[in-house]
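Please read the structure below before turning to the comments.
The structure displayed is predicted, hence computed values, not measured ones. All ligand and atom numbering here is 1-based and tracks the order in the structure.
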Amino acid sequence: MKRYNPTEIEKKWQDIWESDNRYQAKNSANDKFYISCMFPYPSGAGMHAGHAFEHAIVDAVARFWRAHGKEVLNPMGWDSFGLPAENYAIKTGTAPSVSTKQNIANFTRQLKRMGASIDWSREINTSDPEYYRWTQWIFTKLFEKGLAYQKTANQWWCPVDKTVLANEQVENGRCWRCDSEVFKKPMKQWFFKITDYADSLLAELPDLNWPEKIKTAQENWIGRSEGAEIDFEVVGMNDKIKVFSTRPDTIFGATFIVLAPENEIISSLTNDKTRETVDSYIAESLKKSEVERMSEGRDKTGVFTGSYVINPASGEKIPIWVADYVLGGYGTGAVMAVPAHDERDFEFAEKFDLPIVEVVERPENSKESLPYSGEGVLVNSGSFNGKKSSDIREDLMRWMEEGGIGKPKTTYKMRDWLVSRQRYWGAPIPIIHCEDHGAVVVPENQLPVLLPEVENYAPTGEGSVLSTQESWVNVECPTCGKPAKRETDTMDGYACSSWYLLRYTDPHNNQKAWDSDIVNHWAPLDMYVGGDHAVAHLLYVRFWTHVFNDMGLVDFKEPVSRLVYHGYINAEDGTKMSKSKGNVVDPLEVIDQGYGADTLRTFELFLGPIDENSNWSSTGIGGVYRFLNRVWTLVDEFLQIEDLPTGDSEELAKIQNITIKKVTNDIRRLSFNTAIAALMEYTNQLYKLKTNGFTSQWRQPLEDLIQMIAPFAPHMAAEMWQSMGNGDNLDKTPWPKWDESKMQTSTMTVIVQVNGKLRAKLQVAAEASKEEIEAMALADEHVKSFIGDGGVKKIIYVPGKLVNIVA
Ligand code: ANZ
C-alpha cells in the first residue's frame with residue numbers, strides 16, 4: 001500500500017507543471033476566462049494565511065473553468081513601489097530595488113509551493129522600468145487631456161512618513177500606514193481629475209456584478225448631490241458669497257451664513273474688532289480632521305466675522321459666521337444656514353442665539369419638533385407661500401436664474417485624486433518644468449524617466465528626496481532646449497495598480513502599454529478576487545479604464561465584470577492575526593509540518609463561506625488532512641484489486657450523480673465549503689458501499705471524485721489520476737457530468753425496529769406501498785423473534801426510511 005505523502009507528490013507535480021509551462025494562457029483561444037487576485041505588495045514577511053486563502057479561491061476557480069474547456073488567464077505580479085521597502089532602506093541601507101527583488105523571489109517560491117496554477121510568463125512588477133515606463137506614459141496622456149494638473153492646496157501631511165497623503169489614505173485623522181496623526185499643510189501637488197468622471201463612474205455602477213456593499217461604498221464616496229448655487233451680496237462690499245444648498249426651497253429661512261475656516265474671502269470680511277478672534281479660530285480649526293469636525297453631537301463652535309449679507313429672497317440683512325462644521329473642500333465652502341430645517345444649523349443658532357424662522361410647515365399631527373427636515377407646505381416665503389416644498393424646485397430655480405441669484409448645481413463629495421508623493425521609491429512624474437513653457441511632458445521616446453540611484457533615501461521633510469539629485473534634476477526643456485528642471489515628486493503606488501490588469505494581457509509589449517486587440521480579447525476580467533480597497537484602488541482602476549475607453553485604447557469602460565470580495569482569516573481566538581500578538585499562521589510552516597499545500601488550500605476553503613471572516617483552527621486542519629487521506633486510501637485500495645468482478649449498483653450511481661451535480665453547482669456559486677462537505681459525505685458513502693466489495697463499476701465514481709477534488713487539492717488529484725492509468729494531464733480532462741435519470745434508485749432500504757432497536761434492513765421496491773412494506777417487516781424471521789408472543793401493539797412507518805414496531 002502506498003502512503004499519502006504530500007511532501008513528495010507536491011514537489012513532483014510542481015516540477016511537472018513548471019517544466020511543460022502548463023498554465024500559460026494563449027491569446028488566441030475563443031472561450032476565455034480571465035481571473036486575477038489583487039496583486040500583493042511583496043513584503044519582507046512573505047505570504048500570510050490571508051494571501052494563501054485568496055490564492056486558494058482564485059486557483060480553485062481557475063482549475064474548475066480550465067476543466068470546463070476554457071482558456072484561463074491567471075497571472076501574477078507585484079505591487080512593489082511604496083513606503084515599506086524605502087523605510088527598510090533607510091534603516092538598513094539596502095537599496096529598495098535589492099530588497100524588493102529578494103522579497104519577490106521569496107513570494108514566488110511560496111506561491112509555487114501552494115500549487116497555484118499561474119501563468120508565470122506574464123509576471124509583472126510595477127517598479128521595473130519596463131513597467132513604469134508605461135505608467136509614466138499614461139501620466140503624460142492624462143496631462144495632455146487636462147486630467148493631470150498641479151494645484152496648491154492644503155494637503156494631509158504625515159509627519160512621520162514625511163509625505164502628503166490622499167484623502168483615501170487618511171483614516172480617522174490618522175495615516176493609514178503608520179497611524180500617526182496627520183495635519184493639513186499648504187503645498188503644490190499633482191492631481192488626477194477623477195471628479196470629471198464622477199457621473200460616468202456612477203452611471204456604470206448598477207450594472208456591475210459586484211457586492212452591493214462595495215457599490216454602496218463607492219456611491220457614497222462619490223456622493224453626488226443635486227441642488228443650487230446661490231449668491232448672497234455682502235453688505236457694503238462689491239463682493240458675493242456663493243453657497244451650495246440641496247434645499248434652495250428653504251431660502252427664506254436662511255438667517256445667517258456660515259463659512260468654512262478655509263474660505264479665502266474671510267480675511268476681507270473681518271474688521272479690527274473681529275480679526276484676531278477669527279484668525280485664531282481658523283488656526284485652531286485647521287488642526288482638526290474633517291471627521292472630527294463633522295462628527296455629530298459635537299459642541300458647535302464658531303465666530304462672527306463682523307460682516308453681513310442680504311438674503312436675496314427675504315431681503316433681510318443676515319450675519320456671516322465662520323464655523324468648522326462647514327468644510328472647505330465641499331460645495332463652495334459656504335452655507336446658507338436654515339436653522340429651522342437643518343440639524344447642524346439649528347444647534348449653532350441655539351448656541352449663539354441666532355434667529356430661527358420656520359419656512360416649511362410640519363405636517364399636521366406631526367410629533368416632529370424643530371429642526372424639521374422633511375417636505376411640506378411653505379410659509380414665511382413670500383409669493384411661494386402655500387405651495388409644497390417638493391413641487392416648487394423648478395419654479396424656484398427659474399425665479400433664481402431670472403433674477404441672477406442662483407443656478408442649479410450638482411456637487412460631489414469626491415475630490416480629485418492627489419497622486420504626488422515626496423518619497424523616493426515610486427515612479428518619477430514625467431514632467432519637466434521650464435521657465436518659459438511651464439510644465440512640459442517628457443516625450444514618449446525619452447521614457448522611462450529612470451529613478452536615479454541615491455545614497456540617502458530618508459525624506460528631508462522639505463521637498464522630495466529626488467530634489468537632492470542635481471545632475472538628474474537639471475535637464476533641458478523638451479520644447480525650447482533652455483535649462484529646465486525635472487519634477488522631483490514620484491507617483492503614488494495607486495497609479496501603478498490602476499492599469500496592471502490590462503498590462504497582464506500583453507505584458508512584454510515594448511512598443512505600447514498594450515495592444516488593443518489583445519486587451520479587448522481578455523478584458524474585462526471575468527473575476528477579480530480581493531478583500532480590500534473598496535473605494536481607493538477599486539475606484540481608481542475604474543476611473544483609468546473609463547479614460548482609456550474615451551481615448552479609444554480599450555473598447556470597454558469597466559475593467560472588472562465580477563468582483564469577489566472575501567473575508568479575513570483570523571487567529572483561533574477570533575482576533576486579527578498580527579505579528580505583535582505572535583498569532584500569525586505562516587502557510588509555509590503549515591505545509592512543511594507535513595500537511596502539505598493541498599490540505600492547507602482545502603482547509604482554508606472549508607472554513608466557511610468565503611465572503612465571511614473565519615477563524616483558523618488547528619484541529620480543523622487535522623480533520624481535513626484525514627479526509628484527504630481517506631480519499632487517497634480508498635483509491636489505493638481500489639487499485640490493489642487485480643481482478644475486479646463486474647457489478648451494477650444503483651446506489652453507487654445515485655450518490656455519484658447527486659454529488660457531481662451538487663459539487664458543480666456549489667463551485668459555480670463559489671460555495672466551496674459546501675462543495676467540500678459534499679465530497680466528504682460522498683467519501684463516507686463510498687466507504688459504506690465498499691463493504692459490499694469493489695466492482696469494475698467503481699472506476700468512474702472514483703475518477704469523478706478525483707476530478708472534483710482537483711480544484712482544492714490539485715497535487716493529490718494529479719497523482720491519483722496518474723495512478724489510475726490516466727496520464728499526467730488531469731487539467732485538460734473535461735469536468736464530469738451528471739445524469740439526472742440516475743439520481744433515483746428503483747429500490748430503497750427501509751430499516752425495521754422493534755421497540756426502537758434496529759432488527760432488520762429491508763430492500764424494497766421504490767414504489768412499494770405502506771401496507772406492503774409493513775407486511776414484509778412483519779414477515780421477516782428475525783423481526784418475528786423479537787415481537788414474541790405478546791403480539792403487535794402499534795406500527796409506525798416513516799415513508800422510505802423506517803418501520804418501528806411496538807410489541
Ligand atoms: C441649506 C439647507 C437647508 C441645507 C436645509 C440642508 C437642509 P449633502 O446632501 O451632503 O450634499 N453644506 C453645503 N456645503 C457644505 C460644506 N462645505 N460643509 C458642510 N455643509 C455644507 O449636503 C448639502 C447640504 O449641506 C447643503 O444644503 C448645505 O446645507 C450643507 F433644510 O443648505 B443645505
(message) Give me each pair satisfying ring-ring contact (aromatic ring centres under 6.0 Å, His included) with a member in residues 299-319, each pair once, sequence neighbours excluded.
(response) Phe304-Tyr308, Phe304-Trp321
(message) Exactly one of Lys193, Lys145, Lys141 should register a side chain to side chain contact (heavy atoms under 4.5 Å, CB included) with Val547. Which one does?
(response) Lys145
Protein contact of [atom] - nearest heavy atom, named by residue and atom, plus distance:
{"atom": "atom 3 (C) of ligand 1", "result": "Thr250 OG1, 3.4 Å"}
{"atom": "atom 12 (N) of ligand 1", "result": "Val335 CG1, 3.2 Å"}
{"atom": "atom 25 (O) of ligand 1", "result": "Arg344 NH2, 4.0 Å"}
{"atom": "atom 8 (P) of ligand 1", "result": "Ser225 OG, 3.4 Å"}
{"atom": "atom 18 (N) of ligand 1", "result": "Leu327 N, 2.9 Å"}
{"atom": "atom 19 (C) of ligand 1", "result": "Tyr325 O, 3.5 Å"}

(request) In sequence, state the C-alpha distance, the side-chain angles, and the governing distance for Glu86 and Lys162, and then conclude on salt bridge (Lys or Arg N to Asp or Glu O under 4.0 Å). (result) CA-CA 12 Å; Glu86 190 178 306; Lys162 294 202 173 77; over 6 Å; no
(request) Enter the distance from Phe384:CZ to Leu396:CG here, rounded to the nearest 0.5 Å. (result) 4.5 Å
(message) Looking at Asp239 and Val234, would you say the former's side chain and the latter's main chain have a donor-acceptor pair under 3.5 Å?
(response) no
(message) Between Arg542 and Glu204 (salt bridge meaning N to carboxylate O under 4.0 Å), is one present in this structure?
(response) no
(message) As a quick check of understanding, evaluate ring-ring contact (aromatic ring centres under 6.0 Å, His included) for Phe548 and Trp499, giving each step before the final call.
(response) CA-CA 10 Å; Phe548 299 149; Trp499 72 284; 7.8 Å; no
Would you kindly check if the NZ (Lys) or CZ (Arg) of [X] is within the cone defined by 45 degrees around the ring axis of [Y] and under 6.0 Å from the six-membered ring centre?
{"X": "Lys413", "Y": "Tyr330", "result": "yes"}
{"X": "Lys242", "Y": "Phe232", "result": "no"}
{"X": "Lys185", "Y": "Trp157", "result": "yes"}

[X] N/O to ligand 1 N/O under 3.5 Å:
{"X": "Ser245", "answer": "yes"}
{"X": "Lys413", "answer": "yes"}
{"X": "Tyr330", "answer": "yes"}
{"X": "Ala334", "answer": "no"}

Pull out every atom of ligand 1 sitting under 4.0 Å from any heavy atom of [X], numbered as shown with elements.
{"X": "Met336", "answer": "1 (C), 32 (O)"}
{"X": "Phe244", "answer": "13 (C), 26 (C), 28 (C)"}
{"X": "His341", "answer": "5 (C), 31 (F)"}
{"X": "Val338", "answer": "1 (C), 3 (C)"}

(request) Select one of side chain, backbone, both or neither to describe which atoms of Val326 lie under 4.0 Å from any atom of ligand 1, heavy atoms only. (result) both
(request) Would you check, one step at a time, whether the test ring-ring contact (aromatic ring centres under 6.0 Å, His included) holds for Tyr540 with Trp417? (result) CA-CA 9 Å; Tyr540 297 151; Trp417 165 14; 3.6 Å; yes
(message) Counting only heavy atoms, tell me which of Asp342, Asp249, Thr332, Thr246 gets closest to atom 24 (C) of ligand 1.
(response) Thr246
(message) I'd like to know whether ligand 1 has Gly331 as a neighbour, heavy-atom separation below 4.0 Å.
(response) no
